[in-house]
Amino acid sequence: MAVDPEKTSPRSRPELFAFHGVHMTHFFTDNWEKVQNFQARPDDVLIATYPKSGTTWVSNILDLLYFGQSERQTSIPLYTRVPFLEVIWPPMIGTEDIEQLPTSPRLIKTHLPIQFVPKSFWEQNSRIVYIARNAKDNVVSYFHFCRLAKSHPEAGDWSSFLQRFMEGKMVFGSWYDHVTGWWEKRQTYSNLHYMFYEDLITDTGREIDQLCSFLGMSCSAEEKERVRALTQFDQMKNDKMANFSTIHTMDFTISPFMRKGKVGDWKNHFTVAQNEQFDEDYRKKMKNPKLQFWTEV
Ligand code: A3P
């Protein structure tokens with residue numbers, strides 16, 4: 001596929017456009033045919049999230065659980081160990097990066113809403129781990145990320161960003177549809193483990209236990225504890241292979257990628273009026289009583 005260097009230049013921010021009913025940028029749609037025809041394997045593990053829900057954290061946990069602490073962790077960036085399926089920002093091309101993975105299983109990251117997931121994942125019955133995060137912290141984290149990441153449209157000011165989030169005018173679309181779509185998929189697809197960022201924060205050890213059982217792994221208590229300790233926020237914040245500091249399209253003078261790693265930071269951003277408006281809108285959009293989030297712990 002021909003790539004327009006102007007479009008990929010970090011000088012220009014991409015435009016947001018509606019794509020099959022979901023807002024996207026060309027960095028995630030230019031390779032669409034190859035993404036849709038991607039051949040999953042039965043032992044692939046797909047890590048799926050709405051952006052800013054703990055993707056990097058869980059990717060690191062799974063990478064350590066499967067492959068242990070080795071030279072890979074200290075020499076290969078996490079985004080190369082766990083390629084991003086739909087991204088096309090040369091030299092990063094998700095589908096090609098996955099093909100080149102030497103590991104088995106292959107760990108693959110995606111932010112696609114459920115209806116866009118390549119059908120081979122369902123056909124191969126691959127394992128999928130979905131991580132969801134409460135909407136208020138998610139939008140705050142996304143706001144800061146859009147300020148620093150040139151792969152996304154400009155964040156603008158906080159109040160307009162919040163408004164656009166409520167309208168689903170974000171890259172990868174509506175948070176509400178994303179978390180609900182994946183939640184409902186559990187009813188028909190059993191190889192999907194749905195977890196919450198807030199649970200990971202409150203009891204990382206328990207969540208790692210549950211991940212091990214879902215993945216059919218028999219990890220010793222010592223191994224699990226080692227993984228838990230190695231993936232603590234401060235550890236990852238200082239880990240150059242996990243903190244995205246090797247990516248030049250992110251401007252860390254604006255905000256670090258590993259920003260706060262907390263539940264409840266939304267309280268430092270939402271005004272009382274914004275919170276009331278958000279809650280009212282949330283009640284209208286989130287109709288499934290079984291899908292509940294903690295906004296504080
Ligand atoms: P904040 O911006 O709220 O700090 P993703 O990896 O999906 O892009 O999500 C990024 C968010 O997860 C950021 O949230 C980041 O700080 C947080 N995060 C990453 N690693 C973490 C860890 N080990 N513990 C807690 N939070 C983590």
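Indexing begins at 1, ligand by ligand and atom by atom, following the structure's order.
Nearest protein heavy-atom contact of atom 11 (C) of ligand 1 is Arg133 NH1, 3.7 Å. Nearest protein heavy-atom neighbour of atom 6 (O) of ligand 1: Thr56 OG1, 2.5 Å. With respect to atom 15 (C) of ligand 1, the closest heavy atom belonging to the protein is Phe257 O, 4.0 Å. Of the protein's non-hydrogen atoms, Lys52 NZ, 2.9 Å is the one closest to atom 8 (O) of ligand 1. Atom 22 (C) of ligand 1 has its closest protein heavy atom at Trp57 CD2, 3.4 Å. Residue, atom and distance of the protein heavy atom nearest to atom 26 (N) of ligand 1 are Tyr197 OH, 2.8 Å. From the protein, the heavy atom lying nearest to atom 7 (O) of ligand 1 is Thr55 OG1, 2.4 Å. Protein heavy atom in closest approach to atom 13 (C) of ligand 1: Ser141 OG, 3.7 Å.
Residues Trp266 and Phe165 place their aromatic rings such that the two centres sit no closer than 6.0 Å. Remark: aromatic rings of Trp158 and Phe143 are close, center separation under 6.0 Å. Centroid-to-centroid, the aromatic rings of His152 and Phe145 come within less than 6.0 Å. Ring centroid separation for the pair Phe28 and Phe84 comes in under the 6.0 Å cut-off. Here the two rings, on Tyr142 and Tyr50, have centers that are under 6.0 Å apart.
Between Arg259 and ligand 1, a contact under 3.5 Å exists for at least one N or O pair. Ligand 1 has no nitrogen or oxygen under 3.5 angstrom from a nitrogen or oxygen of Lys262. Every N/O-N/O distance between Thr49 and ligand 1 stays at or above 3.5 Å.
Residue contacts with ligand 1 for Thr231 involve N, CA, C or O but no side-chain atom from C-beta outward (heavy atoms, distance under 4.0 Å). Residue contacts with ligand 1, taken as heavy atom pairs separated by less than 4.0 Å, do not involve Phe145 at all. The residue Gln235 has no part lying near ligand 1, judged by heavy-atom distances below 4.0 Å. Both the backbone and the side chain of Met258 come within 4.0 Å of ligand 1, counting heavy atoms alone.
Counting only distance, with no hydrogens or angles, the side chain of His269 and the backbone of Asp265 share a donor-acceptor pair below 3.5 Å.
Annotation for ligand 1: atoms under 4.0 Å from non-hydrogen atoms of Gln232 are 23 (N). Applying the 4.0 Å criterion to heavy atoms of Met236 picks out, from ligand 1, the atoms 20 (N), 23 (N). Close contacts of ligand 1 with Gly54, meaning ligand atoms under 4.0 Å from a residue heavy atom, involve 5 (P), 6 (O), 7 (O), 9 (O). Which parts of ligand 1 touch Gly261 is read off a 4.0 Å heavy-atom cut-off, strictly below it: atoms 1 (P), 4 (O), 16 (O), 25 (C), 26 (N).
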**Request:** Report the C-alpha distance between Thr55 and Trp57 in whole Å, list the side-chain angles of each, state the deciding distance to 0.1 Å, and finish with yes or no for side-chain contact (heavy atoms from CB on, under 4.5 Å).
**Result:** CA-CA 6 Å; Thr55 332; Trp57 191 3; over 6 Å; no
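In this model, a donor atom of one side chain and an acceptor atom of the other lie less than 3.5 Å apart for Thr246 and Tyr79. In this model, no donor atom of one side chain and acceptor atom of the other lie less than 3.5 Å apart for Gln124 and Asp44. Donor-acceptor pairing under 3.5 Å is lacking for the side chains of Thr80 and Asp97.
The side-chain heavy atoms of Phe196 and Ile131, taken from C-beta on, include no pair separated by under 4.5 Å.
The hydrophobic cluster containing Val263 also contains Phe233, counting ILVMFWY residues as joined when their side-chain heavy atoms lie under 4.5 angstrom apart, directly or transitively.
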